[in-house]
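Throughout, numbering of the chain's residues begins at 1 and tracks the sequence. Bear in mind the structure is a predicted one, so any value in this text is a computation, not a measurement.
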Amino acid sequence: MIVRGAVLREMGLPAPYAASRPLRIEEVELAPPGPGELLVRIRAAGLCHSDLSVIDGSRPRVMPMLLGHEATGEVVVSEAAGFAPGDVIACAFVPACGACGPCAEGRAALCESGAAANTAGTLLGGARRLTSLRDPHPPAELHHHLGVSGFADHAVISAHSAVKIDPSLPPEIAALFGCAVMTGVGAVVNTAQVRAGRSAVVFGLGGVGLSALLGAVLVGAHPIVAVDVVPAKLELALQLGATVAVDARDAVDQVREATSGGAEYAFETVGSAKVLEQAYAATRRGGTTVTVGLPHPSQSFSVPAVSLVAEERTVKGSYLGSSVPSRDIPRYVALFRAGRLPVDRLLTATVGLDDLNQAFDDLAAGTSIRQVLLF
């Protein structure tokens, strides 16, 4: 079948993207699903910094690629057990095979087969189902983005990338559970396992950072410090339950003061080694610093090595919120329904396929939290 999608052919084109237009809306041939795969009509897809980091080249991927990884949709054709046409699903951006060592230990985010497929730009089984029609002689395959490629009206995905969800959930909200919510809330609940009454600070208040803040509120952390450079985001953080909001340009001392010497849990969601060093400096003795953002592979960070021992510090990475998507997405949706996880407050705007380049300018400028492409 022929679909319309946003194709990235070259990373690192200069901003503003409304002028350079790195994302080109093209007609693409989508092959039918193979065994264990689903044809999904995409209903909505979130715009995430992980997409932006591919566009600007800070997260290199194989090219050309049809972008989009935070998506929801309706199954049209199923070649996999457990799914039927009409099922509404959220997409998880790591397809977990269920058979490798990490999967056997309940660490789906670290699935070895899923990581290899995502790096290669294929579906979990190794196939590519996307063919460009722009240069038909010979036709060129397009790579999948994290097994999803949700910036198109239809997608073929592995069933291991799909989680059935409540079909009455508005699609612009449902999409957020596949990345922002699962990553941010999961970092608090799964990776750090924050307990009630413990202090927490979140550096960076995008979709993932504010989801982490919602997770901290959910588990009863106190105090909760929110850090960013955008006043509107700091104000929203206070509305969502932050105790204190701090300008990132003068953060460490203010965080340490607000938490009586440093936070017991610090979360870095920006994808910056410099911010990670700030988060570590704002963590108290015996505390845990969790990094969620994805910096350029060339970045590194340093800490006083003696502090790891003498202060019993912990530094942890969190990918996909250390989640098991089939377990966590329905649980977070239920908490949203119960009013305990107001992720709808993260939605800034809905956009159309032809608006994506401008929308990524807005994301890069920090003027939006979560914009959602709506079909």
Side-chain angles (χ1 to χ4, degrees), residues 105-110 177 180-205 207-227 237-246 251-252 254-270 275-276 278-293 303 307-325 327-343 345-346:
E105 295 177 353
R107 305 187 73 182
L110 300 183
F177 287 89
V181 176
M182 187 162 51
T183 300
V185 177
V188 174
V189 174
N190 298 322
T191 309
Q193 299 181 13
V194 177
R195 289 179 287 174
R198 299 301 181 94
S199 57
V201 56
V202 179
F203 283 78
L205 302 177
V208 172
L210 283 171
S211 292
L213 187 143
L214 290 176
V217 173
L218 175 72
V219 301
H222 184 81
I224 301 171
V225 184
V227 180
L238 291 171
Q239 296 174 18
L240 294 176
T243 313
V244 181
V246 171
V252 174
Q254 291 187 68
V255 172
R256 294 183 68 85
E257 181 179 354
T259 55
S260 301
E264 289 165 286
Y265 295 93
F267 298 90
E268 181 278 320
T269 71
V270 178
V275 176
L276 177 55
Q278 283 186 298
Y280 186 85
T283 307
R284 72 183 306 117
R285 293 165 58 89
T288 298
T289 308
V290 178
T291 178
V292 181
V303 299
S307 66
L308 291 172
V309 176
E311 299 180 7
E312 291 195 353
R313 301 280 208 101
T314 301
V315 179
K316 301 188 74 172
S318 178
Y319 191 53
L320 195 72
S322 304
S323 297
V324 178
R327 175 196 69 196
D328 291 335
I329 290 178
R331 179 169 61 173
Y332 297 154
V333 169
L335 288 166
F336 166 71
R337 287 295 197 196
R340 299 191 60 195
L341 206 58
V343 301
R345 299 291 302 277
L346 307 181

Tell me, please, which residues at least two apart from Glu257 pass salt bridge (Lys or Arg N to Asp or Glu O under 4.0 Å). none
Tell me, please, which residues at least two apart from Arg327 pass salt bridge (Lys or Arg N to Asp or Glu O under 4.0 Å). none
Over all heavy atoms of both residues, which pair between [X] and [Y] is shortest? Give the atoms and the distance, please.
{"X": "Phe177", "Y": "Val343", "result": "CZ-CG2, 3.6 Å"}
{"X": "Gly186", "Y": "Ser323", "result": "CA-OG, 4.3 Å"}
{"X": "Val246", "Y": "Ala251", "result": "CG1-CA, 3.7 Å"}
{"X": "Val208", "Y": "Val292", "result": "CG1-CG1, 3.8 Å"}
{"X": "Arg198", "Y": "Val194", "result": "CB-CG1, 4.3 Å"}
{"X": "Val217", "Y": "Leu240", "result": "CG2-O, 3.6 Å"}

Heavy-atom check, side chain of [X] versus side chain of [Y], under 4.5 Å:
{"X": "Val201", "Y": "Thr259", "result": "no"}
{"X": "Met182", "Y": "Ile329", "result": "yes"}
{"X": "Ser211", "Y": "Thr183", "result": "no"}

Rounded to the nearest 0.5 Å, what's the gap from [atom1] on [X] to [atom2] on [Y]? Could you check?
{"X": "Arg340", "Y": "Tyr332", "atom1": "CZ", "atom2": "OH", "result": "12.5 Å"}
{"X": "Asn190", "Y": "Asp328", "atom1": "CG", "atom2": "CG", "result": "5.0 Å"}
{"X": "Thr291", "Y": "Leu276", "atom1": "OG1", "atom2": "CG", "result": "4.5 Å"}
{"X": "Thr289", "Y": "Tyr265", "atom1": "OG1", "atom2": "OH", "result": "11.5 Å"}

Tell me if the CD atom of Gln239 is crowded by more than 12 foreign heavy atoms within 6.0 Å. yes
Is the number of heavy atoms from other residues, nucleotides or ligands within 6.0 Å of CZ (Arg195) greater than 12? no
Would you say the side-chain atoms of Thr243 pair up with the backbone N or O of Ile224, donor to acceptor, closer than 3.5 Å? yes
Are any side-chain N or O atoms of Arg256 and backbone N or O atoms of Ala281, one a donor and one an acceptor, separated by less than 3.5 Å? yes
Qualifying residues under side chain to side chain donor-acceptor pair (under 3.5 Å), relative to [X], sequence neighbours excluded:
{"X": "Thr191", "result": "Ser318, Ser322"}
{"X": "Ser307", "result": "Tyr280"}
{"X": "Gln193", "result": "none"}
{"X": "Thr269", "result": "none"}

Assess whether salt bridge (charged side-chain N to carboxylate O under 4.0 Å, His left out) is satisfied between Glu311 and Arg313, documenting all intermediate values. CA-CA 5 Å; Glu311 299 180 7; Arg313 301 280 208 101; 2.9 Å; yes
From CA spacing to verdict: side-chain contact (heavy atoms from CB on, under 4.5 Å), Val185, Leu341: CA-CA 9 Å; Val185 177; Leu341 206 58; 4.1 Å; yes
